Amino acid sequence: MGTKGREIVDLNVDELIELLNKALADEWLAYYQYWIGAKVVKGIMKEAVVTELLEHANDELRHADMLVNRILQLGGTPILKPEEWYAMTNCGYEAPEDFGIKKILEQNIKGEQCAIDVYENLMNLTKEKDPITYNMALAILTDEVEHEEDLQALLEDIQTTLE
Ligand code: FE
Ligand code: FE
Ligand code: MG
């Protein structure tokens, strides 16, 4: 922990760490949802979808890394047990039950829309109070907005192909 670095955060730092840990739980669940989705998905345009899902999985893992680094910098302890992911998550986890491309894309779009809310809220909270966390949340939000659009565009392409 950087003592001065923590001091300049004009917020309740323990509460902020709690929110960062909740986002960390989301990122791990999102990572797994994408990664396992890429393994089980079936249907037309499968190759393009698998590539996109795996790219997004890697991005979610990178987001988890960013969150843990910030939690440690603030003197917090990141979630240590996977069982806490379920207790802490904002966005939950949707197991792919129907392996069809359309359903998997829809489930992941829902997850991205929730992630967009999470990082928008984090930005609102940290604005002018904690520029480091604000910048991190902005960087992640930028990716989540791109993820949502990528998936919606794929879904649209697939629906057009099916018509
Ligand atoms: Fe993410
Ligand atoms: Fe995402
Ligand atoms: Mg993408």
Side-chain angles (χ1 to χ4, degrees), residues 16-74 76 78-82 84-97 99-127 130-161:
L16 176 61
I17 289 166
E18 175 84 3
L19 294 177
L20 296 174
N21 262 320
K22 288 175 72 62
L24 176 61
D26 292 331
E27 294 294 352
W28 269 104
L29 293 170
Y31 166 76
Y32 192 73
Q33 192 174 313
Y34 273 121
W35 183 84
I36 203 68
K39 298 289 180 193
V40 299
V41 70
K42 287 183 175 138
I44 56 155
M45 292 176 68
K46 192 184 137 175
E47 294 306 305
V49 172
V50 167
T51 303
E52 199 67 48
L53 295 179
L54 289 177
E55 268 176 29
H56 289 198
N58 286 334
D59 287 339
E60 309 309 1
L61 200 53
R62 187 167 44 77
H63 297 160
D65 189 75
M66 292 162 79
L67 287 159
V68 168
N69 290 341
R70 186 61 182 142
I71 289 166
L72 292 171
Q73 208 172 49
L74 289 169
I79 292 176
L80 299 173
K81 297 178 186 168
E84 288 175 37
W85 294 340
Y86 263 102
M88 300 280 290
T89 179
N90 301 292
C91 298
Y93 174 79
E94 281 203 27
E97 275 155 13
F99 298 164
I101 278 176
K102 194 166 168 278
K103 184 70 187 172
I104 286 189
L105 287 174
E106 282 166 357
Q107 286 179 313
N108 286 316
I109 288 167
K110 199 170 141 203
E112 292 299 342
Q113 288 172 342
C114 180
I116 289 169
D117 277 336
V118 167
Y119 292 105
E120 204 215 348
N121 288 337
L122 202 53
M123 285 181 71
N124 288 336
L125 178 80
T126 53
K127 192 173 184 179
D130 176 0
I132 313 278
T133 302
Y134 179 88
N135 269 342
M136 181 201 70
L138 174 60
I140 299 177
L141 179 65
T142 305
D143 288 340
E144 309 304 15
V145 166
E146 189 185 307
H147 288 171
E148 184 209 25
E149 203 272 331
D150 284 347
L151 299 181
Q152 286 180 333
L154 263 176
L155 190 58
E156 230 182 84
D157 285 352
I158 287 163
Q159 275 160 345
T160 310
T161 309

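Values below: every heavy atom of this structure, side chains too, minus hydrogens, waters and symmetry copies. Read the numbers this way: they start at 1 and go in the same order the structure lists the ligands and their atoms. Remember, it's a predicted structure, so these values are computed and weren't measured experimentally.
Checking Asp59 against His147 by side-chain atom types alone, a donor-acceptor pair falls below 3.5 Å. With hydrogens and angles left out, the side-chain atoms of His56 and Glu52 include a donor and acceptor closer than 3.5 Å.
The closest approach of His63 to the Fe ion (ligand 1), by N/O/S atoms, is made by ND1. Looking only at N/O/S atoms, His147 comes nearest to the Fe ion (ligand 2) through ND1. In terms of distance to the Fe ion (ligand 1), the nearest N, O or S atom of Glu60 is named OE1.
The residue from Gln33, Lys103, Lys110 that alone fulfils the side chain to side chain donor-acceptor pair (under 3.5 Å) condition with Glu94 is Lys110.
Within the 2.8 Å limit, Asp143 places no N, O or S atom next to the Fe ion (ligand 2). At a threshold of 2.8 Å, the Mg ion (ligand 3) has a backbone or side-chain N, O or S atom of Glu52 nearer than that distance. Within the 2.8 Å limit, Asp59 places no N, O or S atom next to the Mg ion (ligand 3).
Taking the Mg ion (ligand 3) as the corner point, the angle from His56 atom NE2 to Asp150 atom OD2 is about 100° (rounded to 10 degrees). For the pair OE1 of Glu27 and OE2 of Glu144, the angle at the Fe ion (ligand 1) is about 140°; rounding is to 10 degrees.
Heavy atoms only, all atoms of each residue included: Ile36 and Tyr93 are closest at CG2-OH, 3.6 Å. A pairwise comparison of heavy atoms in Trp85 and Ala25 identifies O-CB, 3.5 Å as the closest pair.
The neighbour count for Glu55 CD, taken as heavy atoms of other residues, nucleotides or ligands under 6.0 Å away, is above 12.
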